[in-house]
Structure formats: structure tokens, C-alpha cells
Engineer: 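Quick one: this structure, given as C-alpha cells, is what I'll be asking you about.
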Amino acid sequence: MLDAKTFAAVTLTLLFWSSAFSAIRIGLRAFGPGELALARYAVASLAFLVYALATKMPMPHPADRVRLLLLGVVGIGVYHTALNFGEVSVPAGTASLIVATTPAFTAALSHAFLKERLSAPGWFGLGVSFAGIALISAGTGEGLRVTTGGLLVLIAALATSVFFVFHKPLSARHGSVQLTAYFSWAGTLPMLVFAPGLVRQLAAAPAQDALAALYLGLFPSAVAYAAWAFALSRAPTGLVTSFLNLNPALALTIAWGVLGERPSLTEVVGGALAIAGVILVNRAGKRTDAPAVLRGLASHRDSPVLGTRR
């Protein structure tokens with residue numbers, strides 16, 4: 001079970017990330033997918049810069065700088081750029097199903113690198129959640145197709161899984177907000193290639209679309225990632241990321257209210273299954289961790305996760 005603070009952080013993150021699907025749809029009316037990703041993280045990076053200056057936030061530890069840069073590029077730059085480009089051709093339901101494979105990838109990586117294990121009921125819960133997500137996708141009337149867009153969304157899912165697992169040891173040295181600031185700055189750097197297009201599109205963008213980009217930068221990015229980093233620092237990675245199975249159901253609900261997209265009965269049933277699976281993972285999927293290994297990761301002594309020595 002998650003404690004109250006960790007559960008609150010996960011809930012806040014899921015609400016903001018689920019709302020991002022609707023905000024992205026609004027933003028893509030005026031911005032290209034790469035330009036929207038840059039606009040989102042330019043806003044987030046600026047917000048963290050203001051925070052860093054106001055709190056006199058220290059520079060990252062020299063031993064962590066390369067890892068912070070690489071994880072920021074993968075978890076922020078690759079994820080958001082690949083997802084935006086993928087969703088140009090992949091239907092929302094299909095994209096949600098592909099991204100929802102993140103807990104499976106994360107569980108495999110956590111098993112290999114963090115020695116975290118799900119119990120049999122926990123794995124069963126993940127299967128129930130995947131079944132629910134499949135129903136949600138079927139309810140959109142769109143099937144899975146192997147396309148360039150689909151592969152890009154799959155790359156996004158893999159990128160965020162790597163990010164979730166490999167950034168956890170860094171939380172022993174840095175606070176959650178501090179880490180999120182470093183990742184945001186690092187992930188924004190490769191997106192600067194879209195800067196000329198963003199300047200042109202921003203000049204012609206309607207106010208509503210520009211506000212969508214601003215919202216994406218402040219809430220699903222800055223606030224949500226800080227809350228997510230906080231949650232990952234307090235609970236097993238696979239257990240926390242199992243809650244990502246709720247994203248499609250929440251996204252459908254928000255899209256219904258904001259965009260007027262009403263979910264079908266199949267989607268409602270799928271959402272109920274996804275929620276039931278996450279509850280099962282949370283209550284019965286307790287992991288057996290290897291304390292010595294995790295203590296070694298926390299102290300940053302010869303980390304097997306990132307393959308570097310202090």
C-alpha cells in the first residue's frame with residue numbers, strides 16, 4: 001500500500017498527465033508536434049529557472065551531471081517529441097494503449113536493475129489492467145496498426161520506462177523538484193531544433209491554443225513530474241508506475257468534459273477493469289526487494305543501474 005503522501009502525489013500526477021491528452025489536441029491545432037513539445041518545455045524550464053533563482057538551488061553534483069543529462073534527453077526530450085509526432089497519425093485510443101505498456105517495460109527493467117519483484121497477484125493485476133486498456137482502445141473503433149506513428153509512440157513508452165527506473169537512485173542525493181528542474185533543462189536542449197518554427201507558429205496562434213501550451217508546461221510538466229519524482233522516491237518503481245494504467249480511463253473522462261467526446265460502454269467497462277487491476281497491484285502485489293542492493297544504489301556506491309562509480 002502507498003502511504004497518504006505518496007498516494008496524493010500519484011493522484012495529482014495522473015490527473016495532470018491525463019488532462020494533457022486534451023490539451024495536446026488543442027495545442028496541435030496551431031503548433032507542429034515538435035514545436036508544441038518545445039513550447040511545453042520552454043515554459044516548464046522557465047518555471048524551474050525562476051524557482052532555482054528564488055531558492056538558490058545548487059548545481060547538480062559533478063558525479064551525476066552526465067546521468068542527469070542523458071536521462072533528461074531520454075525521459076523528456078525523446079518521450080514528448082516521439083509521442084507528439086506519433087499522435088499525428090495514431091488514434092488517441094491506440095496511442096493510450098501503447099503508452100500503457102510502460103508498467104510492463106518498467107517491471108522488466110526494475111527486475112533486472114533494481115531487484116524489485118511483483119507477486120503473482122500483482123502480475124495478475126497488471127494483466128487485468130492491460131485487458132481493460134485493450135477494451136478502451138477497442139471502444140474507440142480503432143485497431144492497432146503497425147505504422148511509423150505507432151512505432152514512435154512505442155519508442156515514447158520505452159523512453160519513459162527507462163527514465164522512471166534509472167532516475168530513482170538520483171533521488172537519494174537530490175530533491176524531487178530539483179531533479180525535475182535538471183531533467184527539464186536537459187530534455188529541452190535537443191528540442192531547440194524546433195525553435196524557428198515555434199517562433200513563426202506562436203505569432204499566428206490563437207489565444208486558446210497558446211494557453212494550452214502554457215498549461216502543458218506548467219501543470220502536466222513542471223508540477224506533475226515533480227510530484228511523480230517524489231512518489232518514486234518513496235515507493236517501489238513498478239508499484240508506482242502500475243497506476244499509469246489509469247491514464248486512458250482518466251483521459252477519456254477529461255476529454256468528454258473538455259472536448260465533448262463521449263466514451264462508449266466498452267470504454268467505460270475497460271476503464272473499470274483498468275482501475276480494478278491497479279487496485280489489485282497496489283494491495284496484493286507487494287514486492288520483495290533486495291535491501292543490500294537498494295542501499296548500495298541509495299548511497300551511490302558502484303551503482304549497477306547506471307554503470308558508474310562515484
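Because the structure is predicted, anything quoted here is derived from the model rather than measured.
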Engineer: Provide the closest heavy-atom pair for A224 versus T13 in the form atom of the first, atom of the second, distance.
Structural biologist: O-OG1, 3.2 Å
Engineer: I'd like to know if the side chain of S233 and the backbone of F230 have a donor-acceptor N/O pair within less than 3.5 Å.
Structural biologist: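 Between the backbone of F230 and the side chain of S233 there is a qualifying donor-acceptor contact (under 3.5 Å).
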Engineer: Answer yes or no: is there a side-chain heavy-atom contact under 4.5 Å between F194 and P33?
Structural biologist: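 Contact flag for F194/P33 side chains = no.
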Engineer: Enter the distance from L170:CG to L71:CG here, rounded to the nearest 0.5 Å.
Structural biologist: 6.5 Å
Engineer: Name all pairs fulfilling the salt bridge (Lys or Arg N to Asp or Glu O under 4.0 Å) condition that reach into residues 150-165, sequence neighbours left out, sorted by first residue then second.
Structural biologist: none
Engineer: If every non-hydrogen atom of V177 is compared with every non-hydrogen atom of A226, which pair is closest and at what distance?
Structural biologist: CG2-CB, 4.1 Å
Engineer: Is there a side-chain contact between L2 and L239, using heavy atoms and a 4.5 Å cut-off?
Structural biologist: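 Yes - at least one pair of side-chain heavy atoms lies under 4.5 Å apart.
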Engineer: Give, for atom CG of L179 and atom CZ of F48, the distance between the pair rounded to the nearest 0.5 Å.
Structural biologist: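 Output value for this atom pair is 10.5 Å.
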Engineer: For the pair T6 (side chain) and R234 (backbone), establish whether a donor and an acceptor sit closer than 3.5 Å, ignoring hydrogens and angles.
Structural biologist: no
Engineer: Between W228 and F164, is the ring pair (Phe, Tyr, Trp, His ring centres under 6.0 Å) condition met? List the steps.
Structural biologist: CA-CA 9 Å; W228 191 249; F164 288 156; 5.3 Å; yes
Engineer: Please state whether the rings of H167 and F183 are parallel, tilted or perpendicular, taking 30° and 60° as the class boundaries.
Structural biologist: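 Answer is perpendicular, since the angle exceeds 60°.
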Engineer: Mind listing the closest non-hydrogen atom pair of A186 and G72 along with its distance?
Structural biologist: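 So the two residues come closest at CB-CA, 4.0 Å.
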Engineer: CH2 of W256 to OG of S22: how many Å apart, nearest 0.5 Å?
Structural biologist: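 Atom-to-atom, W256:CH2 and S22:OG are 13.5 Å apart.
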Engineer: Would you say I24 and L36 make side-chain contact, with heavy atoms under 4.5 Å?
Structural biologist: yes
Engineer: Which distance, rounded to the nearest 0.5 Å, do you find between the CH2 of W185 and the OG1 of T180?
Structural biologist: 10.5 Å
Engineer: What about V128 and V269, same hydrophobic cluster or not, with Ile/Leu/Val/Met/Phe/Trp/Tyr joined at side-chain heavy-atom distances under 4.5 Å?
Structural biologist: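 As far as the 4.5 Å side-chain criterion goes, V269 and V128 are connected within one cluster.
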Engineer: Does the Q201 side chain pair with the main chain of G32, one donor and one acceptor, at a distance under 3.5 Å?
Structural biologist: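 Yes.
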Engineer: Using the side chain to side chain donor-acceptor pair (under 3.5 Å) criterion, which residues pair with T188? Sequence neighbours excluded.
Structural biologist: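 Residues passing side chain to side chain donor-acceptor pair (under 3.5 Å) with T188: S45.
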Engineer: State, yes or no, whether a side-chain contact exists between S19 and Y215 at a heavy-atom distance under 4.5 Å.
Structural biologist: yes
Engineer: Are L189 and F163 grouped together when hydrophobic residues (ILVMFWY) are joined by side-chain heavy atoms under 4.5 angstrom apart?
Structural biologist: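 Shared cluster, yes.
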Engineer: Nearest 0.5 angstrom please: F31 CZ to I26 CD1, how far?
Structural biologist: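 Reported value, rounded in 0.5 Å steps: 12.0 Å.
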Engineer: So, using side chain to side chain donor-acceptor pair (under 3.5 Å) as the criterion, who are the partners of Y225 when residues are at least two apart?
Structural biologist: H80
Engineer: Would you indicate whether the side-chain heavy atoms of L38 and E35 approach each other to under 4.5 Å?
Structural biologist: no
Engineer: Could you tell me how the ring of H174 sits relative to the ring of Y182: parallel (under 30°), tilted (30 to 60°) or perpendicular (over 60°)?
Structural biologist: perpendicular
Engineer: Please check if the side chain of R29 supplies one atom and the backbone of D209 the other of a donor-acceptor pair under 3.5 Å.
Structural biologist: no
Engineer: Of the options V223, L46, V43, which is the one that meets L218 in a side chain to side chain contact (heavy atoms under 4.5 Å, CB included)?
Structural biologist: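 Exactly one candidate clears the test, V43.
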Engineer: Which heavy atom in W17 sits nearest to a heavy atom in P220, and how many Å separate them?
Structural biologist: NE1-O, 2.8 Å
Engineer: Evaluate whether atom CZ of R200 has more than 12 neighbouring non-hydrogen atoms of other residues, nucleotides or ligands under 6.0 angstrom away.
Structural biologist: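 Open: at most 12 neighbouring heavy atoms sit under 6.0 Å from CZ of R200.
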Engineer: Considering all heavy atoms of both residues, which atom of P60 and which atom of R65 are nearest to each other, and what is their separation?
Structural biologist: O-NE, 3.0 Å
Engineer: Can you tell me how far the CZ atom of R40 sits from the CG atom of L216, to the nearest 0.5 Å?
Structural biologist: 5.0 Å
Engineer: Test your reading of the model: is there a side-chain donor-acceptor pair from T160 to the backbone of A156, 3.5 Å cut-off?
Structural biologist: no
Engineer: Which heavy-atom pair separates G34 from F85 by the least distance, and what is that distance?
Structural biologist: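 Looking at all heavy atoms of both residues, the shortest contact is N-CE1, 3.6 Å.
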